[in-house]
Amino acid sequence: MASQVEAALLGGARAIQYRNKTAAPSLAREQAAALAALCREHGALLIVNDDARLAREVDAAGVHVGEDDPDLPAARAIVGPSRIVGVSCYDDLDRARRLVAQGADYIAFGSFFASQVKPGARRADVALVAPARALGVPVVAIGGITSANAPVLVKAGVDAVAVISDVFARDDLAAIKHAAAAIAACFEE
């Protein structure tokens with residue numbers, strides 16, 4: 001896993017999310033700590049999915065919480081004021097407004113496209129991006145994102161895209177690096 005993440009970082013990924021819902025606590029701590037060190041080495045952020053305590057333990061940059069996770073104030077109390085707390089807003093601009101008022105550091109919307117990882121995910125419309133940007137925090141797009149469709153989201157104004165399959169479903173490290181570079185290039189045009 002670490003070699004794949006490093007290939008993505010070498011390709012231009014600026015943030016990595018650690019997400020392993022089935023790992024035993026000791027394995028999750030070991031994996032997240034290794035990724036936190038790797039991200040620091042490459043000047044990138046590590047965001048831990050769902051687990052604020054783990055984010056604090058491994059000195060990650062922050063935590064990402066969804067609607068079924070501890071609420072934002074609880075996550076903030078655990079990770080402290082200096083770490084990032086990002087939130088899933090799905091297709092719900094009112095949720096985003098409420099969470100920004102509670103101190104969210106970024107808001108994530110999606111699935112914008114059909115997703116292999118979460119095929120039943122709620123779908124968000126690109127029209128959400130403009131009013132979301134008006135909330136004054138970075139906007140992240142999630143769901144089915146590839147180098148082919150990311151430009152639509154970038155043009156709409158997202159600050160970042162979260163990508164799994166288009167980068168990590170590759171056969172070798174060079175292909176992972178190339179796929180990450182193709183996504184990063186969408187923000188340079």
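Evaluation of the side-chain contact (heavy atoms from CB on, under 4.5 Å) rule for H178 yields no partner, not counting sequence neighbours. Residues that satisfy the side chain to side chain donor-acceptor pair (under 3.5 Å) test with R76, not counting sequence neighbours, are D105.
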- Message: Walk me through whether N20 and Q31 qualify under side-chain contact (heavy atoms from CB on, under 4.5 Å).
- Response: CA-CA 9 Å; N20 187 344; Q31 290 176 336; 3.1 Å; yes

- Message: I'd like to know whether D51 forms a side-chain contact (heavy atoms from CB on, under 4.5 Å) with E57, so could you lay out the CA-CA distance, the side-chain angles of the two residues, the decisive distance to 0.1 Å, and finally the verdict.
- Response: CA-CA 10 Å; D51 193 335; E57 287 175 20; over 6 Å; no

- Item | side-chain contact (heavy atoms from CB on, under 4.5 Å) between D91 and D125, worked out | CA-CA 7 Å; D91 61 348; D125 190 284; over 6 Å; no

- Message: Between D159 and V140, is the side-chain contact (heavy atoms from CB on, under 4.5 Å) condition met? List the steps.
- Response: CA-CA 6 Å; D159 298 286; V140 178; 5.9 Å; no

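F109 is listed as a side-chain neighbour of V139, based on a closest heavy-atom distance under 4.5 Å. Residues V126 and F112 are in side-chain contact: their nearest non-hydrogen atoms beyond the backbone lie under 4.5 Å apart. Contact annotation: the side chain of S88 never approaches that of V65 to less than 4.5 Å [non-hydrogen atoms, C-beta and beyond]. Counting heavy atoms from C-beta outward, V58 and Y18 have side chains that stay 4.5 Å or more apart. Here the side chains of V87 and C89 are in contact, with some heavy-atom distance below 4.5 Å. Counting only heavy atoms from C-beta outward, the side chains of I84 and I47 approach each other to under 4.5 Å. Looking only at side-chain heavy atoms (C-beta outward), L45 and I16 stay at 4.5 Å or farther from each other. L135 places a side-chain heavy atom less than 4.5 Å from the side chain of L93.
Salt bridge annotation for R19-D50: absent, with no cationic side-chain nitrogen under 4.0 angstrom from a carboxylate oxygen. Taking the charged nitrogens against the carboxylate oxygens, R122 and D92 have no contact shorter than 4.0 Å, which rules out a salt bridge.
Note that CZ of R14 is 9.0 Å distant from SG of C39, once rounded to the nearest 0.5 Å. Once rounded to the nearest 0.5 Å, the distance linking CD1 of I78 with CG of L54 reads 11.0 Å. The NE2 atom of H64 sits 6.0 Å away from the CD atom of Q17 when rounded to the nearest 0.5 Å.
Scanning all heavy atoms of the two residues, the minimum distance from L173 to S3 falls at CD2-O, 3.5 Å. What you find for A2 and L35 is that their closest heavy atoms are CA-CD2, 4.3 Å. Nearest heavy-atom pair, L46 versus A32, reported as atom, atom and distance to 0.1 Å: CD2-O, 3.5 Å. The shortest non-hydrogen separation linking I145 to A150 is CG2-CB, 3.9 Å. P73 and Q102 get closest at one heavy-atom pair: CD-OE1, 3.4 Å. Taking both residues in full, the closest heavy atoms of C186 and S147 are given as SG-O, 3.8 Å, listed atom of the first, atom of the second, then distance.
L72 and V63 fall within the same hydrophobic cluster, defined by Ile, Leu, Val, Met, Phe, Trp and Tyr side-chain heavy atoms under 4.5 Å apart, directly or through other members. Connection of L10 to I164 is not established within any shared hydrophobic cluster, with ILVMFWY side chains joined at heavy-atom distances below 4.5 Å, either directly or through further cluster members. A continuous path of hydrophobic side-chain contacts links V158 to I183 [ILVMFWY only; heavy atoms under 4.5 Å]. Residues L153 and V137 fall within the same hydrophobic cluster, defined by Ile, Leu, Val, Met, Phe, Trp and Tyr side chains chained together at heavy-atom separations under 4.5 Å. With hydrophobic clusters built from ILVMFWY side chains whose heavy atoms lie under 4.5 angstrom apart, L9 shares a cluster with M1.
Environment of CG in L38: crowded, with over 12 heavy atoms of neighbouring residues, nucleotides or ligands closer than 6.0 Å. In this structure, R53 places its CZ atom where only 12 or fewer heavy-atom neighbours from other residues, nucleotides or ligands lie under 6.0 Å away.
Between the side chain of S111 and the backbone N or O of F113, at least one donor-acceptor pair lies under 3.5 Å. Side-chain atoms of R83 come within 3.5 Å of backbone N or O of V79 as a donor-acceptor pair. At least one donor-acceptor pair closer than 3.5 Å links the side chain of R170 to the backbone N or O of D166.
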